[in-house]
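Below is one structure, written out as structure tokens; the observations come after it.
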Amino acid sequence: MPPRTPEAQAFFHAVYAAVQEIPEGKVTTYGHIAKLIGTPQRPRQVGTALKHLPADTSLRYHHDNVPWQRVINGKGIISPRSQPEGARNQAASLQAEGVVVTTGALGELMVDFAEFGWFPRLLPSDEEAGVVPDDSNDDEESG
DNA sequence: AGGGTGACGGAGT
DNA sequence: AACTCCGCCACCC
């Protein structure tokens with residue numbers, strides 16, 4: 001079942017399309033997807049969209065063509081759901097494509113952003129604002 | 001039709 | 001650095 005309103009449906013589709021751009025073997029965050037699609041204040045709804053990703057392969061976006069497993073939270077942890085199995089399943093999917101998942105002391109399933117993170121520096125909002133990439137960066141994402 | 005929940009993240013304490 | 005609050009809004013009672 002698709003979402004009720006056309007706006008919500010468009011948002012869901014934007015999320016799915018953005019998630020499809022995450023390269024195999026890489027991960028990004030809910031918040032980053034939200035930024036990429038121009039709604040930086042809606043990371044939570046990105047999670048909602050992925051939660052309701054259809055299994056029906058006859059639809060445009062579904063479980064098999066949207067790499068939902070490549071989206072984790074900003075702390076580098078595979079978000080625990082009401083069902084712990086969901087996170088375990090996500091970890092297995094990531095490991096199957098070469099992502100190293102480590103288990104913390106409390107059972108958190110973690111991924112190292114320094115090695116597996118995908119965070120394109122040029123966002124759609126940057127293009128609209130005419131921002132150009134700057135090579136005199138002050139960040140240090142690599143490790 | 002109204003209120004609670006939650007695959008998040010940022011600000012404040 | 002850990003914890004609480006709060007904005008966000010689609011889904012599910």
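Numbers restart at 1 for each chain; the letters A, B, ... are given by sequence-line order, proteins then strands.
- Considering only residues two or more places apart in sequence or on other chains, A:D56 meets the side-chain hydrogen bond (donor to acceptor under 3.5 Å, both in side chains) condition with A:S58.
- Distance, A:I37 CD1 to B:dC8 P: 15 Å, rounded to whole Å.
- Rounded to whole Å, the distance from NE2 on A:H32 to P on B:dC8 is 17 Å.
- Every side-chain contact (heavy atoms from CB on, under 4.5 Å) that A:A18 has, sequence neighbours left out, goes to A:I33, A:I37.
- Ring geometry for A:Y16 versus A:F12: interplanar angle over 60°, hence perpendicular rather than tilted (30 to 60°).
- Residue contacts for A:P40: at a heavy-atom cut-off of 4.0 Å it reaches no nucleic acid atom on any strand shown.
- Here B:dC8 presents its C1' atom at 13 Å from CD1 of A:I72, a figure rounded to the nearest Å.
- Between B:dC8 and A:T29, no contact under 4.0 Å exists linking OP1 or OP2 to a side-chain N or O.
- For residues 77-111 of chain A, no residue pair satisfies the ring pair (Phe, Tyr, Trp, His ring centres under 6.0 Å) rule, not counting sequence neighbours.
- Annotation for A:I77: hydrophobic cluster partners, listed by chain and number, are A:M110 (ILVMFWY side-chain heavy atoms under 4.5 Å, direct or chained).
- Atom pair A:H52:NE2 and C:dC9:P shows a separation of 16 Å (rounding to whole Å applied).
- A ring pair (Phe, Tyr, Trp, His ring centres under 6.0 Å) check over residues 64-94 of chain A, counting only residues at least two apart or in different chains, returns the pairs A:H63-A:W68.
- Taking the side-chain contact (heavy atoms from CB on, under 4.5 Å) definition, one finds that A:T29 meets it with A:H32, A:F113, A:F119, sequence neighbours left out.
- Although no hydrogens or angles enter the test, the distance criterion places no donor-acceptor pair under 3.5 Å between the side chain of A:Q20 and the main chain of A:Y61.
- Computed from coordinates, the A:I78 CD1 to B:dC8 P distance equals 13 Å when rounded to whole Å.
- In terms of phosphate contacts, A:S79 brings a side-chain nitrogen or oxygen within less than 4.0 Å of OP1 or OP2 of B:dC8.
- Not counting sequence neighbours, the partners of A:H62 by the side-chain hydrogen bond (donor to acceptor under 3.5 Å, both in side chains) test are A:N65.
- Within residues 60-70 of chain A, the residues approached by DNA chain B to less than 4.0 Å at the level of any non-hydrogen atom are A:W68, in residue-number order.
- Of the residues in residues 90-105 of chain A, those lying under 4.0 Å from DNA chain B by heavy-atom distance are A:Q90.
- The side-chain contact (heavy atoms from CB on, under 4.5 Å) check on A:E24 picks up A:R70, A:E97, with sequence neighbours excluded.
- At a non-hydrogen distance threshold of 4.0 Å, A:R42, A:R44, A:Q45 from residues 42-51 of chain A come into contact with DNA chain C.
- To the nearest angstrom, P of B:dC8 lies 16 Å from NZ of A:K35.
- Legend: residues meeting side-chain contact (heavy atoms from CB on, under 4.5 Å) with A:P80, ordered by chain and number and at least two apart, are absent.
- Remark: C1' of C:dC11 and CG of A:L53 are 16 Å apart, rounded to the nearest angstrom.
- In this structure, the CG atom of A:N73 is 13 Å from the C1' atom of B:dG6, given to the nearest Å.
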